[in-house]
Amino acid sequence: MAPKKPAKNNSGLAIKIGSIELANPTILASGVLGVAAGGLIRAWQGGAAAVVTKTVGIESRTGHPGPRIVGIYGDSLMNAMGIPNPGIQEYLPEIESTIKHEIPVIGSALGNSPDEFASVAEQLAKAGVTAIELNVSCPHVGSLYLLGMDPQSVTEVVTEVVQRVKGKTPVWVKLPGSTDYPCLVKVAQAAEAAGASALVALNTLPALAIDIESRRPLLGAGIGGLSGPAVKPIAIRAVWELHQAGIAIPIIGVGGILTGSDVIEYFLAGASAVQIGTGVLTRGSTIFSNVCNEISDYLKEHGINQISELVGRINDAGVSS
Amino acid sequence: MAPKKPAKNNSGLAIKIGSIELANPTILASGVLGVAAGGLIRAWQGGAAAVVTKTVGIESRTGHPGPRIVGIYGDSLMNAMGIPNPGIQEYLPEIESTIKHEIPVIGSALGNSPDEFASVAEQLAKAGVTAIELNVSCPHVGSLYLLGMDPQSVTEVVTEVVQRVKGKTPVWVKLPGSTDYPCLVKVAQAAEAAGASALVALNTLPALAIDIESRRPLLGAGIGGLSGPAVKPIAIRAVWELHQAGIAIPIIGVGGILTGSDVIEYFLAGASAVQIGTGVLTRGSTIFSNVCNEISDYLKEHGINQISELVGRINDAGVSS
Amino acid sequence: MTMNDNFNPSAIIRPIVTPILGVTTETPRTKAFTISAPSIGKHAVPGQFVMVWVPGIDEIPMSISSVNQGVEFAAARVGDATTQLHKLKKGDLLGVRGPLGKGFVFPKATEEKIMLLVAGGCGSPPIAFAATMAIRMGFVVDVALGATSKAELLFFNRFKDLETQGVRRFVVATDDGSDGLLGTSVDAATFLLDTDPAYSACLACGPEGMLVNLNTLLQKYSIPLQVSLERYMKCGVGLCGHCIIDLEGSRVCHEGPVFDAKNLEESDFGKVTRDATGKKEPLQFESNTS
Amino acid sequence: MTMNDNFNPSAIIRPIVTPILGVTTETPRTKAFTISAPSIGKHAVPGQFVMVWVPGIDEIPMSISSVNQGVEFAAARVGDATTQLHKLKKGDLLGVRGPLGKGFVFPKATEEKIMLLVAGGCGSPPIAFAATMAIRMGFVVDVALGATSKAELLFFNRFKDLETQGVRRFVVATDDGSDGLLGTSVDAATFLLDTDPAYSACLACGPEGMLVNLNTLLQKYSIPLQVSLERYMKCGVGLCGHCIIDLEGSRVCHEGPVFDAKNLEESDFGKVTRDATGKKEPLQFESNTS
Ligand SMILES: Cc1cc2nc3c(=O)[nH]c(=O)nc-3n(C[C@H](O)[C@H](O)[C@H](O)COP(=O)(O)OP(=O)(O)OC[C@H]3O[C@@H](n4cnc5c(N)ncnc54)[C@H](O)[C@@H]3O)c2cc1C
Ligand SMILES: Cc1cc2nc3c(=O)[nH]c(=O)nc-3n(C[C@H](O)[C@H](O)[C@H](O)COP(=O)(O)OP(=O)(O)OC[C@H]3O[C@@H](n4cnc5c(N)ncnc54)[C@H](O)[C@@H]3O)c2cc1C
Ligand SMILES: Cc1cc2nc3c(=O)[nH]c(=O)nc-3n(C[C@H](O)[C@H](O)[C@H](O)COP(=O)(O)O)c2cc1C
Ligand SMILES: Cc1cc2nc3c(=O)[nH]c(=O)nc-3n(C[C@H](O)[C@H](O)[C@H](O)COP(=O)(O)O)c2cc1C
Ligand code: FES
Ligand code: FES
């Protein structure tokens, strides 16, 4: 069974993230569909120009006990999967069978130390991933969230990873769902200075939901990460703050994207590409092509040739940070 | 015209915030309806046990240009009012005519310095407010948001205010919409140590929404504060973190409350009372009595005598922070 | 673009941003703007308003004057936002959200029923919309229109045209006597009442002083009066409380802008208004009772 | 409490937490639980499942076995969550969300149509639900049921009772021969096919080895087979990808758990499964083709 490449009837959607060229700006976010090659392929057949793998580490993780997801008012979601993954060795075949279909795969990595991050990254690079995404920001796994809030730690991780992949594979850093933008900017600057090729903003936001019948947290892990429409204006603010602060590497926006409008909003704020996760639940795995069609309509209606022309083109005269 | 006190047919709802006794746990949040005495009275007639005034400073402020509110997916809202207020002198009559109706009024204060905060607080105290709420956390007004993220500044402001009101009027501190909980806990501890009587968590979260037609921010000020259901799980997490961290003064939960269930959720996480803002838009100004009725039903169905028995009673065994 | 209507909050809290369909100069200081906003037009009733977002400047309340060819409002040039608004042309972007507030309440029409409509100054927009509606509902309609001068008689032609459709008598007054009676719309109303005071209802919009005087006048005839008020508006949807006019918390943007004049006795009506900071300021005008 | 149903996300992503209405011991290792969840019961079709939240332990998938007296499922005690589940009594709280996945597809029933239902081990729940539904739809139904021993024949009485309502033939098999044929549910099915192979469809649930063997058997007769599969589930709604079984990304929780056996050729069916980490593990079973 050879998966079919989705029709590319949308012009003006091609974008670049540094040296990486993609057919359109939509990328499958990490942790969604990505446990298996088939999931990554499904997203790509649904229109995603690239796919991010499930975050993987050196060792396998069973993840948190269930419930692992819970719906929040307004099509939003909380999850506490706990980054289940079979470990990089076991996971490599999934990546390889995806890459075999000429699908750009971004490998998401975690680690307990700069060295662990780098080991995972090395193996991902060897498997031929298009880029590596460092997950320094999962809000419900140990100290990952705090790692991503600390510029010094981020410097160490990124420096080690970039050195070990010898600058051959671009390294992206996924930022935490923080509302402390001055801190976020410092982390972003640290990542950029240490050699990151792009930033991904944002991971889920730390949150808690309680069942009032059993009086227990609605997620097995207690704390979870908020995603979906609830976080969109917060993530867009983050993208804008990073752009404003003069971050020169591309910013990939993620959080709450459901429609082409949402993507345009991210681009205007300063994003050069986007990722979609929770939207797969709301609109199905063809959300990527649906969103691309909506972007195309917008570009046509507004006489814009390339979506990339919109990056950072918010008219924010008079708006103060 | 003497406004009628709403019927108090709900038992088990009475709560205490330190020395303050309230007929039920619902309080009107600052900035909603509170420009005029009539608005505060309306909320009280709608069932609120107490009302927080619009935040006022020494000098008048015209606030931000419009648009000042914008709806966000899922009944959430962003606002950038910019804290318009006529200055404490001009505003005092509104407070006085509200207090005349024996309505517990909480005076919300801002300032550019500890001294300014204290001057406003002194005047509020003299007018007979039940408590003072320090707004150190508005995300779209100059440096207020950052002030509330800095334990040292919070210590200075709270110390000065508590000293100037001579410990006679309880001082509440309203915390910023931060997802950096370690920081939030430090600020809370600073406030507590400096003599605050209660904490209010959270103010709105800093966010940005963009109109893709005009390519401008949808709020006149650009940046706005996110409120409503989108922020509820984040604020509940904040309340829980504060409670977990051993904060001993009462915590007042605020953010996204629409129903009695939401209030129960906040109580289980550690809140002793709640405030409601955006819900006034969703369910009207009688949301307070509606919510109280829903709480009563819950208490009855579950054989609970007093809502206060629920404070912090989340069963979070096995849940790690 | 309508692609994500499913996902959008309602148009009362999120503007529909759309190119202006048409601009017409109605008086030297007033222009009428028409925009395409079917979801607003479909539900609007006379007296309701929209918040108009002039991108980059401000968002301001404007009464809906017509929903025939799209949503129309007419803005007098008075300050920053309206000055910028007047510079906009067909095709320029404008945001509108609404319909906001409660409009005029039309009594059940019977053959006998006659309605008096009174518009002063910039008060014509909701009255023009109300006239169209009243006629469609089968009312006999008399209109009293006032302005500073003949040129400033807003929607004069529109009311004039309605004479063939159901407006029985149309009387104008100008401060300078350049057209009609010498005086205000209240004087025009007095003229109409002198001839035939058998009105079942009166709907009015205009400067607050005029509305106070009209109220005094109509009380003598026991004709129920509905007035459309103006207050400084921040949110437009009853949330912020800026436009409250009494101790019951009546919000001009939500319970109003149209109120039964008889319910305004214990309110700020005719007495005070608030500025942008929320500060109360006394209203000054010439009273016809003194 | 139903007070805020308006504001709640749908029951497929948020559990309905409610006291257990009833618990019955069905076999030494299996108990059936009934809960009140009308919104789930109303929409559920045979083959669909719920995610059952055992508070404080875990959330696990369980096929719906009946929607007559509330939503019912039957759980074998195999590990942590099911052991704790078995300790729960009537009135204890349980969370359920659903209905999840796609159920069995019933061919259009005509007088001639006869359906074969095959359940092995813990596979009875969806098959019992399917039997009830098939009978209501007018099918003639034959049932093959297998288990390790007589005592473990899950829902034996239920199928037996259905003999008066539309089950034509009901054949059991046990590994130890303590009841019916000596063998598995596939042997019971073989017995039925030997007598009369004119089935228009076969629906089956049970251990994957059994399903593979059944598939081999039915291919000889060209009888279309639908199987209900089990995979480790994390989200249950097609989001996380943990239960994917092929390169097209077929999710057992979303495109399944019921699949047409003929579509499973290039899938993991009968070959591999994933553990809680997502690691692939070979499936081992005794094949009837070797
Ligand atoms: C319900 C309602 C309906 C209205 N309908 C019409 C109409 O149909 N046609 C028309 O010409 N005018 C109408 N107005 C008045 C109109 O809103 C103001 O003239 C306009 O806001 C002035 O804006 P500006 O920026 O040009 O003036 P500014 O320079 O900002 O201020 C000039 C004056 O305009 C008023 N104003 C400014 N901003 C607001 C605001 N947000 N809310 C209320 N008043 C404000 C104040 O009185 C202010 O002193 C209406 C007002 C209300 C409340
Ligand atoms: C669609 C579907 C329907 C099912 N219907 C039934 C049914 O009607 N009756 C019944 O008794 N069993 C059913 N199962 C199997 C049932 O889910 C497992 O027996 C149960 O999850 C075991 O949980 P545990 O904590 O007791 O076991 P554990 O100690 O956690 O693990 C024991 C084994 O149970 C399985 N398991 C554990 N967690 C999960 C999970 N989240 N998803 C899938 N499998 C898991 C694994 O194979 C694991 O090795 C169904 C499974 C699926 C996928
Ligand atoms: C079920 C689920 C699992 C996730 N797992 C991961 C993960 O393993 N690694 C990671 O970096 N982000 C993970 N995320 C976060 C998403 O990649 C994304 O940053 C976030 O959900 C916001 O985007 P969205 O609103 O489009 O979902 C997960 C999100 C969800 C909903
Ligand atoms: C229109 C509006 C104005 C507000 N103004 C203030 C304010 O002046 N001072 C303040 O401390 N909080 C202000 N807030 C924040 C609220 O008091 C509250 O903390 C926040 O909205 C979260 O609660 P909610 O989701 O119930 O609205 C305002 C909120 C809104 C929506
Ligand atoms: S303008 Fe906000 S309540 Fe009327
Ligand atoms: S369990 Fe998550 S996709 Fe099936």
Side-chain angles (χ1 to χ4, degrees), chain B residues 1-3 31-46 54 56 59-77 79 81-82 84-87 90-91 93-94 97-98 101 209 211-216 218-220 277-278 280-281 284-285, chain C residues 1 3-4 6-19 51-61 80-81 92-95 97 231-251 254-255 265-268 274-281:
Chain B
M1 187 218 59
V32 170
L33 293 176
V35 176
L40 299 172
I41 294 169
R42 171 179 277 272
W44 180 75
Q45 284 183 310
K54 179 74 199 164
V56 287
E59 307 285 346
S60 71
R61 296 174 54 94
T62 50
H64 295 310
R68 298 171 186 95
I69 65 158
V70 61
I72 297 293
Y73 191 87
D75 283 338
S76 295
L77 200 73
N79 90 82
M81 308 300 292
N85 77 88
E90 293 284 343
Y91 189 71
E94 310 287 350
S97 34
T98 311
H101 295 292
D211 170 54
I212 64 171
E213 294 301 315
S214 64
R215 302 190 195 165
R216 288 179 184 274
L218 275 155
L219 293 175
T278 305
V280 169
L281 183 63
S285 58
Chain C
M1 198 179 52
M3 75 191 190
N4 64 344
N6 289 346
F7 294 112
N8 263 347
S10 98
I12 70 161
I13 45 171
R14 191 165 180 118
I16 296 168
V17 180
T18 170
M51 289 296 287
V52 177
W53 176 24
V54 187
I57 312 286
D58 205 350
E59 192 192 37
I60 52 173
D80 283 3
D92 287 342
L93 288 178
L94 211 55
R97 60 185 171 97
R231 283 294 181 277
Y232 205 102
M233 286 185 180
K234 298 254 169 182
C235 73
V237 289
L239 188 65
C240 72
H242 209 95
C243 64
I244 284 172
I245 51 165
D246 60 23
L247 284 180
E248 289 195 318
S250 299
R251 294 156 289 187
H254 198 68
E255 280 75 30
E265 272 168 37
E266 293 186 65
S267 78
D268 294 347
R274 282 175 204 278
D275 69 8
T277 72
K279 186 177 156 197
K280 283 191 166 186
E281 289 170 334

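Just so it is clear, the structure is predicted and the values come from calculations on it, not from any experiment. Chain identifiers are assigned alphabetically (A, B, ...) following the order of the sequence lines, protein sequences preceding nucleic acid strands; residue numbering begins at 1 within each chain.
For the options B/Pro67, B/Ala209, B/Gly39, B/Ser60, heavy-atom pairs under 4.5 Å to chain C are most numerous at B/Pro67. For the set B/Gly284, B/Pro93, B/Ser76, B/Gly71, the count of heavy-atom pairs under 4.5 angstrom toward chain C peaks at B/Gly71. Interface check for chain C: of the options B/His64, B/Lys54, B/Arg61, the most heavy-atom pairs under 4.5 Å are formed by B/Arg61. When each of C/Met51, C/Met233, C/Lys279 is scored by its heavy-atom pairs under 4.5 Å with chain B, the top score falls to C/Lys279. Note: C/Cys240 leads C/Pro19, C/Cys240, C/Gly278 in heavy-atom pairs under 4.5 Å with chain B. Considering only heavy-atom pairs separated by less than 4.5 Å from chain C, the leading option among B/Ala36, B/Gly31, B/Ser97 is B/Ala36.
Summarising the geometry, atom NE2 belonging to C/His254 is positioned 8.0 Å from atom CG belonging to B/Leu281; distances are rounded to the nearest 0.5 Å. From C/Asp92, atom CG reaches atom OG of B/Ser214 across 12.0 Å, with rounding to the nearest 0.5 Å. Within the model, atoms OG1 of B/Thr62 and OH of C/Tyr232 stand 7.5 Å from one another, a figure rounded to the nearest 0.5 Å. The line from CD1 of C/Ile244 to CG of B/Leu40 is 7.5 Å long, rounded to the nearest 0.5 Å. Here B/Thr278 contributes atom OG1 and C/Ile13 contributes atom CD1; the two are 9.5 Å apart, rounded to the nearest 0.5 Å. Distance check: B/Asn79 CG to C/Cys235 SG gives 10.0 Å after rounding to the nearest 0.5 Å.
Heavy-atom distances place both the backbone and the side chain of B/Arg68 under 4.5 Å from chain C. Contact annotation for C/Pro15: only side-chain heavy atoms (C-beta onward) come within less than 4.5 Å of a heavy atom of chain B. Neither the backbone nor the side chain of C/Ile60 comes within contact range of chain B, judged by heavy atoms closer than 4.5 Å. Proximity to chain C involves both the backbone and the side chain of B/Ile72, based on heavy atoms less than 4.5 angstrom apart. Both the backbone and the side chain of C/Leu239 have a heavy atom closer than 4.5 Å to some heavy atom of chain B.
By the 4.0 Å N-to-carboxylate-O rule, B/Arg42 lies close enough to C/Glu255 to be salt-bridged with it. Under 4.0 Å is where a charged nitrogen must lie from a carboxylate oxygen, and between B/Glu94 and C/Arg274 at least one such pair does.
The minimum heavy-atom distance linking C/Gly56 with B/Arg216 is given by the pair CA-NH1, 3.5 Å. Closest approach of B/Pro84 to C/Lys234, counting heavy atoms only: CB-NZ, 3.5 Å. A pairwise comparison of heavy atoms in C/Arg14 and B/Val70 identifies CG-CG2, 4.0 Å as the closest pair.
Using a 4.5 Å cut-off on side-chain heavy atoms (C-beta onward), C/Thr277 and B/Asn85 make no contact.
In this structure, C/Glu265 places its CD atom where only 12 or fewer heavy-atom neighbours from other residues, nucleotides or ligands lie under 6.0 Å away.
Not a single donor-acceptor pair under 3.5 Å links the side chain of C/Asp58 to the backbone N or O of B/Pro65.
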